[in-house]
Novice: 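What follows is a single structure, and I will ask about it in a moment.
Only a predicted model underlies this, so the values are computations on that prediction, with no experimental measurement involved. Below, each value reflects all heavy atoms present in this structure, side chains not excepted, and no hydrogens, waters or symmetry copies. Every chain is numbered from 1, with letters handed out A, B, ... down the list of sequences.
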Amino acid sequence: MNQPNLKKETIVERLSGGDMLIRALQDEGVDFIFGYPGGAALHIYDAIFKQQRVQHILVRHEQAATHMADGYARATGRPGVALVTSGPGATNAITGIATAFMDSIPMIVISGQVANDLIGTDSFQETDMVGISRPVVKHSFMVKSAAEIPSVVKKAFYIATTGRPGPVVIDVPKDTTDPSVLFDYVYPETVKMRSYSPATRGHSGQIRKAVDLLLAAKRPVVYAGGGVIQGEACEVLTELTRFLDFPITNTLMGLGCYPATDPLFLGMLGMHGTFEANMAMHHSDLILAVGARFDDRVTNDPEKFCPGARVIHIDVDPASISKIIEAEVPIVGPAEPVLRDMLALLRERLAAAPDLLDRAAHQQWREQIAGWRRQHGLDHHQLERAVPGVVIKPQAVVQCLYQVTDGEAYVTSDVGQHQMFAAQYYHFDAPRRWINSGGLGTMGFGLPSAMGVKLALPDAVVACVTGEGSIQMNIQELSTCAQYGLAVKVVNLNNQALGMVKQWQDMQYGGRHSHSTYQDSLPDFLRLVEAYGHVGIRVDEVGDLEPAMREAFSEKLKDRLVFLDVAVDPDEHVYPMAIKGGSMCDMFLSRTEQS
Amino acid sequence: MRRIISVLLENEAGALSRVVGLFAQRNYNIETLTVAPTEDPTLSRLTLTTVGDDRKIEQITKHLNKLIEVIKVVDLSEGEHVERELMLVKVKAVGAQRAEVKRTADIFRAQVVDVTGSAYTVQVTGSSDKLDAFIRAIGELSILEVVRSGVSGLSRGEKVVSL
């Protein structure tokens, strides 16, 4: 690879490898490192000790460090940084790296490695980190000599944050951070790599073709995913959608990229998407896909996918285009400039000939969609109608959270039913507020990612919607929260079972609940969180729900971690649910109804 | 359909494992693989053969292009190209067989590169089909050992894969 341009400095500092590493992070503007020390990383830890600009957050498990870095990145758009030691430290980080990889989150993971002369000898805490992480990183580096540390860090940040973002691993053998060997430290100003040049604009000819299709559509739908958020294209997407008056749906990863309370918004699509979103997709004649990848949880059977739809697909990653669903107009490029060019061209075309859009057909189409919504749309008033004495519906808890936080909270989630309820019932009007592991589906993501958000945005209201299954996968981080005073609010939808597993077992395995319940072994969460020094509130009665929620988010408890343990209906299912092997319009709507 | 994919990549530790890993990870098949540095020692040229329909090959080339160390990817089988593979075959050669093996080698314009009292080592170059044909002609029973280099290729004409 080409050497980055080195800026000539008059005074050159002499630093050790470990100091250069931390200094390079400072020069990248890193404010937090989430990590856990160990033998191979100790020189680096000493370098951290000697400075103030980068604050290190000591976690209780390396997986949580990566999720915190991930949450930080999702909330801010800036890359998150994790630091782990070799061997078990590195392997513990893998789940978090894979989580970030699947959702295209910019992240830098620095792993200590045993010294170069020990590599390959099965030495203590040695593992081939570059090898073991290879399938789940955008790229990785093994530092060969200390002198290359600044340029490796520069390249790592460049790769992690450009094009389709993703995690980059830097594996650092201990000898390259030796404090007794000093080097000239110069941080490269720019980086250019002959083998890496992500697309910066869309092809104008393709954009013209797309505009022709947009203008000709009678039943269009915009299908927008996480790429819109990662690509900072939410504003222009909203502008374009409103300009055309097209209905829009978001993927699980895209929620917040378009205001959820806007009348054109159809809610989430896919396996647990709204009836109207899935019906609109299926019956559309044009799909404008932006930063979405036609995931199997969206398309259902690709053979039966939206039979009448022509597809425009905008993505910065060419490999995502025509992977599952053939795109008639593929546009490779970052969503923001592509949509901006598209909008400008649409404005120009419509200014010249306002009748190009078939507004009457669009009106009829929106009415048809409104009809679907009236027929089987989500019930957003379950909280108001809750009857005292009847077990609390998990949906009502999310609705309560939405009301109490005025829809302004940063909501992280774990994985399972609670995740889907949060996605369905919390309306995100702004991007980066909804933070969940969509691609990998990582239980244990919710709490640490919420902590990363809270550190990045200390004034923000941060809620972690979780379940009693997921929370126990990283519950040790309650200790980290105590150490750093992280006042996140945990809303535990406690149905005493692995709800989503149980739902599938109800629906597909004759109700045989194989290992999806805990047989009275759940901890007393109140005493547990109190043991960590936090506040626990238990809710069993629907009448207590709102007061408890208000207390959790009250000014009085503003600086405290509050764990709201809410007993919810153990038999509730998530609906709609796609019928496996069907098209997007094939859904279970309740235990007894199908579309 | 069989395809020959040619890849120009950084000659760096780990680059090859990323290419091979990609194929394993995405359930693509590698039939042959050959890799060596080019006239520019910072670059490697990798040639592999695989089987797949257009859609699969498109995904393979796209994913190869995504690898940070990969500079260029071409599907040589898309156009006119030259392909060669080298094979060394150790063949039983006793009595009348000796002349027979030599004659067959001559027909294939192969060379005998090592000789013992009971065996010939024959070097054959050409397309993979030609190498297969040589094995059939010699007959599996008299073959002691086979080693093949995997396919290398270049497109015909002025077209080049370079920086």
Side-chain angles (χ1 to χ4, degrees), chain A residues 1-3 98 101 104 116 119-120 128-145 148 152 155-156 158-160 162-171 173 191 193-199 293 302 315-327 330 332, chain B residues 3 5-30 33 35 37-46 48 50 52-75 78 160-163:
Chain A
M1 284 174 206
N2 294 353
Q3 281 304 309
F101 180 70
S104 310
N116 268 299
I119 290 178
D128 173 13
M129 179 55 167
V130 167
I132 210 166
S133 63
R134 197 200 59 232
V136 294
V137 294
K138 183 171 177 187
H139 195 56
S140 47
F141 293 93
M142 162 75 98
V143 173
K144 288 182 284 274
S145 67
E148 66 178 31
V152 163
K155 284 179 193 166
Y158 174 60
I159 292 169
T162 51
R164 181 177 180 173
V168 175
V169 163
I170 308 176
D171 202 30
V191 57
M193 294 166 67
R194 63 184 180 187
S195 60
Y196 177 69
S197 51
R293 57 188 175 90
D315 207 296
V316 74
D317 175 12
S320 283
I321 297 178
S322 297
K323 179 177 66 175
I324 312 287
I325 301 297
E326 191 72 28
V332 177
Chain B
R3 308 291 187 112
I5 294 175
S6 195
V7 181
L8 191 67
L9 74 165
E10 298 286 353
N11 183 12
E12 280 181 2
L16 176 62
S17 75
R18 279 182 226 275
V19 172
V20 176
L22 169 68
F23 276 73
Q25 195 182 324
R26 298 206 176 254
N27 215 0
Y28 308 142
N29 190 29
I30 298 180
L33 173 71
V35 57
T38 66
E39 82 285 3
D40 175 350
T42 68
L43 294 173
S44 281
R45 184 72 177 252
L46 178 151
L48 62 86
T50 183
D53 56 19
D54 286 349
R55 200 182 173 120
K56 193 163 193 170
I57 300 301
E58 184 183 326
Q59 277 295 310
I60 291 177
T61 51
K62 280 174 169 179
H63 280 291
L64 282 170
N65 267 314
K66 263 179 84 171
L67 296 176
I68 305 293
E69 284 142 338
V70 166
I71 296 164
K72 288 228 167 96
V73 180
V74 262
D75 177 357
E78 261 187 347
V160 292
V161 176
S162 63
L163 276 181

Novice: Under 4.5 Å heavy-atom distance to chain B, tell me which part of A:S140 shows up: side chain, backbone, both or neither.
Specialist: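 A:S140 touches chain B through backbone and side-chain heavy atoms alike.
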
Novice: Side chain, backbone, both or neither: which part of B:R26 has an atom under 4.5 Å from a heavy atom of chain A?
Specialist: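 Neither part.
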
Novice: Would you sort out whether B:L43 and A:R194 count as a side-chain contact (heavy atoms from CB on, under 4.5 Å), showing the intermediate values?
Specialist: CA-CA 11 Å; B:L43 294 173; A:R194 63 184 180 187; 3.3 Å; yes

Novice: If you round to the nearest 0.5 Å, how far is CD1 of B:I68 from OH of A:Y158?
Specialist: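 Separation between the atoms: 9.5 Å.
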
Novice: Quick one: pull up CZ in A:R134 and CZ in B:R18 and give me the separation to the nearest 0.5 Å.
Specialist: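 If I round to the nearest 0.5 Å, the distance is 8.0 Å.
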
Novice: Starting at CD of B:E12, measure out to CZ of A:F141 and round the result to the nearest 0.5 Å.
Specialist: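 Between atom CD of B:E12 and atom CZ of A:F141 there are 8.5 Å.
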
Novice: Taking all non-hydrogen atoms of both residues into account, name the closest pair between B:E58 and A:S322 and its distance.
Specialist: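 In this case the closest contact between B:E58 and A:S322 is OE2-CB, 4.3 Å.
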
Novice: Please indicate whether B:N27 has more than 12 foreign heavy atoms, meaning atoms of other residues, nucleotides or ligands, lying under 6.0 Å from its CG.
Specialist: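 For B:N27, atom CG is not crowded (no more than 12 foreign heavy atoms under 6.0 Å).
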
Novice: So A:R164 and B:K66, do their side chains get closer than 4.5 Å, heavy atoms only?
Specialist: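 Yes, close enough: below the 4.5 Å cut-off.
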
Novice: Pick whichever of B:H63, B:Q25, B:K56 has the most heavy-atom pairs under 4.5 Å with chain A.
Specialist: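 Among B:H63, B:Q25, B:K56, the one with the most close pairs to chain A is B:Q25.
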
Novice: Relative to chain A, which of B:L163, B:T61, B:N65, B:L22 shows the most heavy atom pairs under 4.5 Å?
Specialist: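 Max contact count across the listed options: B:L163.
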
Novice: Look only at the side chain of A:S195 and the backbone of B:V70, and say whether a donor-acceptor pair between them is shorter than 3.5 Å.
Specialist: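 No; zero donor-acceptor contacts below 3.5 Å.
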
